[in-house]
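For reference, the structure is listed below as structure tokens.
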Amino acid sequence: MKTRSQTTPKPLKTVALAPRPDSPKRRPRPMPKPAGKGDPRAPKKPPTAFFYFMEDFRKTYKQENPSVKSMREIGKACGEKWNTMSFEEKVKYYDIATEKRAEFEKAMIEYNKKKESGEMSEESD
DNA sequence: CGTGTGATTGTTGAT
DNA sequence: ATCAACAATCACACG
């Protein structure tokens, strides 16, 4: 349970885990959701092909590098290898992601319907 | 005890 | 067409 109301602002970032020379934050996250504003029924994005590849890669990576703590390294390793992967090899992950997208798309349709159905809070006041 | 942060790319909704 | 934010993962640090 996330006590989002009680969550500490967390101004400090203990990034002493990995000695990164300088990695510019590509994704400046503004902040966690301020308050209920947003799409409560908005279907979450399905994992991309990259993530599916990561699932498999993670296991392999741990086998090859059992001493590796985890994470960010894998992420980088994944991305690097991902770029070296042949399209045909990636296709198999794309295929999975594609199916998920299909479901996601359907969910999005219903989501839109629900929005129209009862939640039209967009009134000019 | 709990949760945010870190990086990877892809995907998709919104403008 | 372009932007921006979010999708999982997992150890660790901080209050």
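On a predicted model such as this, the values are computed, not experimentally measured, just so you know. Throughout, a chain's letter reflects where its sequence line sits, starting with A, and its residues are numbered from 1.
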Handout entry: Lys100(A), NZ atom: more than 12 neighbouring heavy atoms under 6.0 Å
Key = no
Problem - Point-to-point distance, once rounded to the nearest 0.5 Å, from OG1 of Thr60(A) to CZ of Phe53(A) - result: 8.0 Å
Exercise for the section: Can you measure from NZ (Lys90(A)) to NZ (Lys81(A)) and round to the nearest 0.5 angstrom? Expected result: 12.5 Å
Exercise for the section: Starting from P on dG10(B), measure out to CE on Met85(A) and report it in whole angstrom. Expected result: 11 Å
Handout entry: Spacing of Ile96(A) atom CD1 relative to dA8(C) atom P, expressed in whole Å
Key = 16 Å
Problem - Length of the line joining Trp82(A):CH2 and dA7(C):P, which is rounded to integer Å - result: 19 Å
Problem - d(CG, Asn83(A); P, dT9(B)) in whole Å - result: 6 Å
Handout entry: Closest-nucleotide 5' rank along DNA chain B - winner of Cys78(A) and Phe104(A)
Key = Cys78(A)
Exercise for the section: Could you tell me how the ring of Trp82(A) sits relative to the ring of Tyr94(A): parallel (under 30°), tilted (30 to 60°) or perpendicular (over 60°)? Expected result: tilted
Practice task
Kindly compute the distance separating CZ (Phe57(A)) from CD (Glu64(A)), expressed to the nearest 0.5 Å.
Solution key: 9.0 Å
Handout entry: Between dT12(B) (C1') and Lys106(A) (NZ): distance, integer Å
Key = 18 Å
Practice task
Grab the OH-P distance between Tyr111(A) and dG13(B) for me, whole Å please.
Solution key: 10 Å
Practice task
Could you pick out which residue, Met108(A) or Glu80(A), lies toward the 5' side of DNA chain B when each is mapped onto its nearest nucleotide?
Solution key: Glu80(A)
Practice task
Measure the spacing between CD1 of Ile109(A) and CZ of Phe104(A) and express it to the nearest 0.5 Å.
Solution key: 10.5 Å
Practice task
Grab the CD1-C1' distance between Ile74(A) and dA8(C) for me, whole Å please.
Solution key: 12 Å
Practice task
Specify the separation, in whole Å, of atom CZ of Arg101(A) and atom C1' of dC6(C).
Solution key: 16 Å
Problem - Of residues 46-58 of chain A, the positions that come close to DNA chain C - non-hydrogen atoms, cut-off under 4.0 Å - result: Phe51(A), Met54(A), Arg58(A)
